[in-house]
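These figures come from a predicted structure and were not determined experimentally. Every chain is numbered from 1, with letters handed out A, B, ... down the list of sequences.
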2 protein chains.
Amino acid sequence: MPARPAAQNAPSPRKSQRTRGRVLDAAARLLASSGYAHTNLSDVAAAAGMKAGSLYYHFDSKEALVEEVLRYGTMHSFEHVRSEVERLGPTASPAEQLRAAIQAHLDSLHTLGDYASAGLRIVDQAPEPIRRRQYAIHRRYGDYWHGLLERAQSAGLLAPDLDLLMARLFLFGAMNSSVDWPASARRSTEDLTTALLALMGV
Amino acid sequence: MPARPAAQNAPSPRKSQRTRGRVLDAAARLLASSGYAHTNLSDVAAAAGMKAGSLYYHFDSKEALVEEVLRYGTMHSFEHVRSEVERLGPTASPAEQLRAAIQAHLDSLHTLGDYASAGLRIVDQAPEPIRRRQYAIHRRYGDYWHGLLERAQSAGLLAPDLDLLMARLFLFGAMNSSVDWPASARRSTEDLTTALLALMGV
DNA sequence: GTCTATATAGAGATAGAC
DNA sequence: GTCTATCTCTATATAGAC
């Protein structure tokens, strides 16, 4: 997977495309660290080595810029989780798959890059139109996790009467909150994964 | 506990104090539903039946107003959780206490009122100076939960090697996220409590 | 105490020179 | 493609009349 969205048919990207990429990189970094409201276009432009007005050659609006970051980030996380689970092979137990998925999701948030982090963190802060359009991607991601949890439940790792929708949302809330933890709680994603699974009694 | 902060020595509050209370009520409601950035003083003033400029007779700044809502809200949640746990009496098991605490925290978020909801939700969105001053209150609340989790761990409800700091932060993340859940996942706080405890295998 | 009017600042966005 | 300059809008906050 490329480090950032690439033009559809651009075997050797033009300067325009590379600049556009720098803008997206800067936006992703600022969105991931400062949130939607606190990220202004002047800072994005400065981080990309240009002035605010110049951004509009590459993007129609702040919303369009943010949306592209979010869309790519969420898909990136999704792909990462799925590939990490599939890397285990078809013989992996539901417990092993669940652990791999949790660690991959946490890695997306903490170490995989700004796009993934922004994609998972900022959606709730973004304006309603953006949220609506992001919904399809998130639902597919949610469906994938639903399958993981179903297998875990069938294998007896989760209580048989546990509502899997609530379980998934609680799990996402727990994992996603970790980016806002105080410095005193900073741990490796392996440690986070182990603790979360232990909290679940798995 | 009163519905909102009352003047220190005001057995029969003056009109000024009652108006000030209306402003706080309006601010709490808007902060709880719209977040820090989207809550502007014009809307607060309108909801309190006045114009934006008039707010400055009662509060020095937006930050001062928000901070008073947050401080009261967090303390309110804290008091509610502690009183619900204590209501069980000294013979209650750690499992019963944990359930009562989780449900009380969720009730703070969902049904107890705007102050409590705002206090738990928007601290992370508030400007840094506010966050710093809120820290003492949150740490006391965290310490209280730490005690609950310690007893649960001693009683065998939680894995003996589980890091209780991470456990508490994951738990808070899970509970607090529930206010942002989609409408399709709306449940009673009893159902939420049952699901979260089931996810923990308790 | 609350009003109207306004100062001030910052944001997103546009226009036209280069 | 990027610049500078500027428009517009919204927000916090202030000043002075009532």
Side-chain angles (χ1 to χ4, degrees), chain A residues 4 6-7 10 12-28 30-31 33-70 118 122 125-131, chain B residues 4 6-7 10 12-31 33-70 118 122 125-130:
Chain A
R4 75 172 91 90
S12 130
R14 293 189 196 82
K15 181 186 175 203
S16 165
Q17 290 299 334
R18 279 189 283 115
T19 305
R20 181 186 160 88
R22 282 211 321 277
V23 173
L24 283 165
D25 286 349
L30 290 171
L31 287 169
S33 64
S34 307
Y36 182 85
H38 292 126
T39 299
N40 61 42
L41 296 185
S42 299
D43 292 343
V44 171
M50 61 175 63
K51 299 296 180 180
S54 311
L55 293 177
Y56 289 84
Y57 175 81
H58 301 280
F59 297 93
D60 287 343
S61 66
K62 178 182 182 180
E63 294 204 1
L65 169 58
V66 170
E67 187 160 3
E68 186 151 340
V69 170
L70 290 189
I122 301 303
Q125 307 170 24
E128 173 59 25
I130 291 185
R131 284 218 303 276
Chain B
R4 75 172 90 89
S12 129
R14 295 188 194 81
K15 180 186 175 203
S16 164
Q17 290 298 333
R18 279 189 285 114
T19 305
R20 180 187 160 89
R22 282 211 321 278
V23 173
L24 283 165
D25 285 350
R29 184 164 56 78
L30 291 170
L31 287 168
S33 65
S34 307
Y36 182 85
H38 292 127
T39 298
N40 62 43
L41 296 185
S42 299
D43 292 343
V44 171
M50 61 175 64
K51 301 296 181 180
S54 310
L55 293 178
Y56 290 86
Y57 176 81
H58 301 281
F59 298 94
D60 287 343
S61 65
K62 178 181 181 179
E63 294 203 1
L65 169 58
V66 170
E67 187 161 3
E68 186 150 341
V69 170
L70 291 190
I122 70 162
Q125 308 170 24
E128 174 60 24
I130 291 185

Counting N and O atoms only, with roles assigned by atom type, does the side chain of [X] sit under 3.5 Å from a partner on the main chain of [Y], one being a donor and the other an acceptor?
| X | Y | value |
| --- | --- | --- |
| T19(B) | K15(B) | yes |
| S54(A) | M50(A) | no |
| K51(B) | A46(B) | no |

Expressed in angstrom and rounded to an integer, what is the separation of [X] atom [atom1] from [N] atom [atom2]?
| X | N | atom1 | atom2 | result |
| --- | --- | --- | --- | --- |
| Y56(B) | dT4(C) | OH | C1' | 16 Å |
| Y57(A) | dG12(C) | OH | P | 22 Å |
| D43(A) | dG10(C) | CG | P | 12 Å |
| L41(A) | dA11(C) | CG | P | 9 Å |
| K51(A) | dA11(C) | NZ | P | 14 Å |
| H38(A) | dG12(C) | NE2 | P | 12 Å |

Check ion pair R131(A)-E67(A) (N to O, under 4.0 angstrom)
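No, no charged N to carboxylate O under 4.0 Å.
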Got S33(A) and H38(A) here, is their nearest side-chain heavy-atom distance under 4.5 Å?
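Counting from C-beta outward, S33(A) and H38(A) never come under 4.5 Å.
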So where does chain A start and stop touching DNA chain D, 5' to 3', when the test is distance under 4.0 Å to a non-hydrogen atom?
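So the contact region on DNA chain D extends dG1(D) to dT4(D).
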Supply the atom-to-atom distance L30(A) CG to Y36(A) OH, rounded to the nearest 0.5 angstrom.
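One finds 13.5 Å between CG of L30(A) and OH of Y36(A).
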